[in-house]
Amino acid sequence: MLKFNDVSFGYKSQRELLFSHLDWQLEAGGIYGLLGPNGCGKSTLLYLMTGLLLPKDGNVEADGCDVSNRCREVLAEMFIVPETFELPSETLRAYIKLYRPFYPHFSDEIMQRCLSEFDMPLDLPLDRLSMGQQKKVMMAFALACGTRYLFLDEPTNGLDVASKKLFRKVMAANIAEERTAVIATHQISDVAPLLDGVTMLGRSDSQSTSEVLCSSSLKALTRQLSFTLETYPPKISDKRLYTERTPFGYACLALRQDEEETPVNLELLYNALQQGVRIPDFS
């Protein structure tokens, strides 16, 4: 489990805190989306989870261990792929040989399988790869490390449409049930089919601090909320939370009563939350 205990954090260059007294947790196992507008702190939360940033107050725990202590045993169970990075001029084969000893669960089988899916060679110098190719290499290495926690920051940036589809396929095939992956992104449609749960960030009213607007499994959202597309403007209802006009009609978000379950529309939910709609805690 990843757990934030009364965490406050702000950058020295900013007068206001980015997060204030944040309490939040993610259960172990599954793929979680960390969604929110640019500047709301998605990347910051990833770095706090890995101990690369330290909170001003409070602490962050991974399986009961304070990540700020940077214990070797904890670090061996974490891998983060940042949004931007630079790879050395050596080959991928040399890179693997150098870094695999830090990860006791490293799997050559998964590495080879991912590289085969991505059609990436072992002997091409890493610094000659395009950004999209570098992302594929790092994704393959991250999955092969077999860490209990995997953190991905905007992993689909720089990927074309076909590569995004391939990214989802490789992720789904190589994340075991006991592993926890957290994907921070503002490109919801790129990752939506992968997700078991979602946390959405935003700012309430005019405050500069960010907060968790929703944190729930998709199963819970499906049980409690209804997502429909209406041909005509819907009637006013106490259960209807948000309506958005689209080229195809009126997308509606409502509290579910006796209706059949509907697939979760994450983009509609995201838009509703950013417009100030608040939903009950379904966790």
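Below, each value reflects all heavy atoms present in this structure, side chains not excepted, and no hydrogens, waters or symmetry copies.
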Can you tell which of L87, D123, L124, L115 makes a side chain to side chain contact (heavy atoms under 4.5 Å, CB included) with L92?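 Option passing the side chain to side chain contact (heavy atoms under 4.5 Å, CB included) with L92: L115.
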Is atom CZ of F102 surrounded by more than 12 heavy atoms (other residues, nucleotides or ligands) closer than 6.0 Å?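 No.
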With ring centroids as reference points, do F151 and F79 lie under 6.0 angstrom apart?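 Between F151 and F79, the centre distance exceeds or equals 6.0 Å.
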Sub-6.0 Å ring centroid separation between Y250 and F248: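 No, the ring centres sit 6.0 Å or more apart.
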Can any side-chain N or O of E77 pair as donor or acceptor with the backbone N or O of Y149 at less than 3.5 Å?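 Side chain of E77 to backbone of Y149, a donor-acceptor pair under 3.5 Å: no, none is there.
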State, without any angle test, whether [X] and [Y] hold a side-chain donor-acceptor pair at a distance under 3.5 Å.
X	Y	answer
E154	T185	yes
S8	D57	no
Y32	S215	no
D153	S43	yes
S189	Q187	no

Does some side-chain heavy atom of L266 sit less than 4.5 Å from a side-chain heavy atom of M200?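 Contact flag for M200/L266 side chains = yes.
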Evaluate the criterion salt bridge (charged side-chain N to carboxylate O under 4.0 Å, His left out) for residue pair E117 and K169; output intermediate values, then yes/no. CA-CA 9 Å; E117 288 282 1; K169 176 184 176 182; 3.5 Å; yes
Looking at [X] and [Y], does any basic side-chain N land under 4.0 Å from a carboxylate oxygen?
X	Y	value
E109	R113	yes
R148	E178	no
R100	D108	yes

Spacing of Y242 atom OH and Q274 atom CD [to the nearest 0.5 Å]: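 It is 10.0 Å, given to the nearest 0.5 Å.
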